[in-house]
Colleague: 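Take this structure, written in structure tokens, and hold onto it; I'll ask about it next.
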There are 2 protein chains.
Amino acid sequence: MLDAFEALLIDDGERAATMDATARAAGVSKGGLLYHFGSKQALEEGIIARLDALVTADIAAMSASPDGPVAYFVRTSAMTDDPLDRAIIAVSRLAQGGHGTAGVALRSVRERWADALRPHTADDTALDLVMLVSDGLYYNNALGGGGVAGPVPAGPAMETLIALVERATKA
Amino acid sequence: MLDAFEALLIDDGERAATMDATARAAGVSKGGLLYHFGSKQALEEGIIARLDALVTADIAAMSASPDGPVAYFVRTSAMTDDPLDRAIIAVSRLAQGGHGTAGVALRSVRERWADALRPHTADDTALDLVMLVSDGLYYNNALGGGGVAGPVPAGPAMETLIALVERATKA
DNA sequence: GTCTATATAGCGATAGAC
DNA sequence: GTCTATCGCTATATAGAC
């Protein structure tokens, strides 16, 4: 059910992610959905909690990455089919729809990433640059909407970008 | 009326920017609002058209900036009270709400900026970096919501960031 | 647990008085 | 031009059968 809600948020926007549509996409009735999630807010808190857990796992993976955390961070910011990136985009949709708690959650997630990256960047300006490039990648993915390929660099272009960012920010 | 609609989108999200709320904020009745804008879609097209006009003016100003277009572009991407930046955030809210035309408009705007900046960057990777930093700044401003100060660098920190970006991307 | 009603409220849009 | 009143639709949520 959370998967269905998430997919609706990503593919059709916040407005279309109704209880009715979520229930239909999950293959249950509205009543059945509301038995598990007593309100729409509970559904929203569900994907926020999922995002939090995925970020915790990602920060662990990032810190252990053989490439170095910065390369890992930038590279994975451009993925679209990853569960983590889907969770971020879904929560971002909620935040832009006016849900305050979603915005707070996104800011907290960003801060956790920044804390993990700070030791690997030359100074605060370098950290700002890395974070902003990542934010930019997410923003463009979020605008993708109907699965249309966005202007985000991919493949070799992405590797060149990572090299440029690393050169500019290396501790 | 467009101002009221824009302010509601920015401050309270797409969900709260209803015809009713817009009319109330503009000091007219729903009927009065619908006399000027025959539908909600007309209201949305109104701010999209306004965004387009503001971007045209901004690209002209950017190209003539004494600092150079890249510095101008990054610096002005972090403003929040500027009419242009407010228009971008408002249209971005619409896009994330599922309005396809708003997403198309944002992509077109981004492409126009990229075309104007391309001659001033070393290569396509450098251009990507500049665009992504700008996108990241907008994204963070968009998450600001209720006017809370975001994690966007300001003042001297912004100037240092601009210097770093210019060093990394100069043609 | 999952379903089919149904209650309640808010949205966009129309009609017609003034 | 601007208003009030109202229609038709859809959203969230509840009640109760199975």
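All heavy atoms count here, side chains included; hydrogens, waters and symmetry mates do not. We name chains A, B, ... by the order of the sequence lines, and we start the count at 1 in each one.
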Colleague: So that I can tick it off, tell me whether A:Asp3 and A:Arg50 are bridged by a salt bridge, with the cut-off set at under 4.0 angstrom between side-chain N and carboxylate O.
Modeller: yes
Colleague: Does the distance from a Lys or Arg side-chain N to an Asp or Glu carboxylate O, for A:Arg112 and A:Asp52, drop under 4.0 Å?
Modeller: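 Salt bridge: yes.
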Colleague: Can you check each nucleotide of nucleotides 2-18 of chain C against protein heavy atoms at under 4.0 Å and return B for base, S for sugar-phosphate only, - for none, in 5' to 3' order?
Modeller: BBB------SBBB----
Colleague: Is the number of heavy atoms from other residues, nucleotides or ligands under 6.0 Å of A:Gln41 CD greater than 12?
Modeller: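 No.
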Colleague: Would you call B:Glu14 and B:Arg93 a salt bridge, taking side-chain N to carboxylate O under 4.0 Å as the test?
Modeller: no
Colleague: Which atom pair, heavy atoms only, marks the closest approach of A:Leu164 to B:Ala168?
Modeller: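 Result for this residue pair: CD1-O, 3.5 Å.
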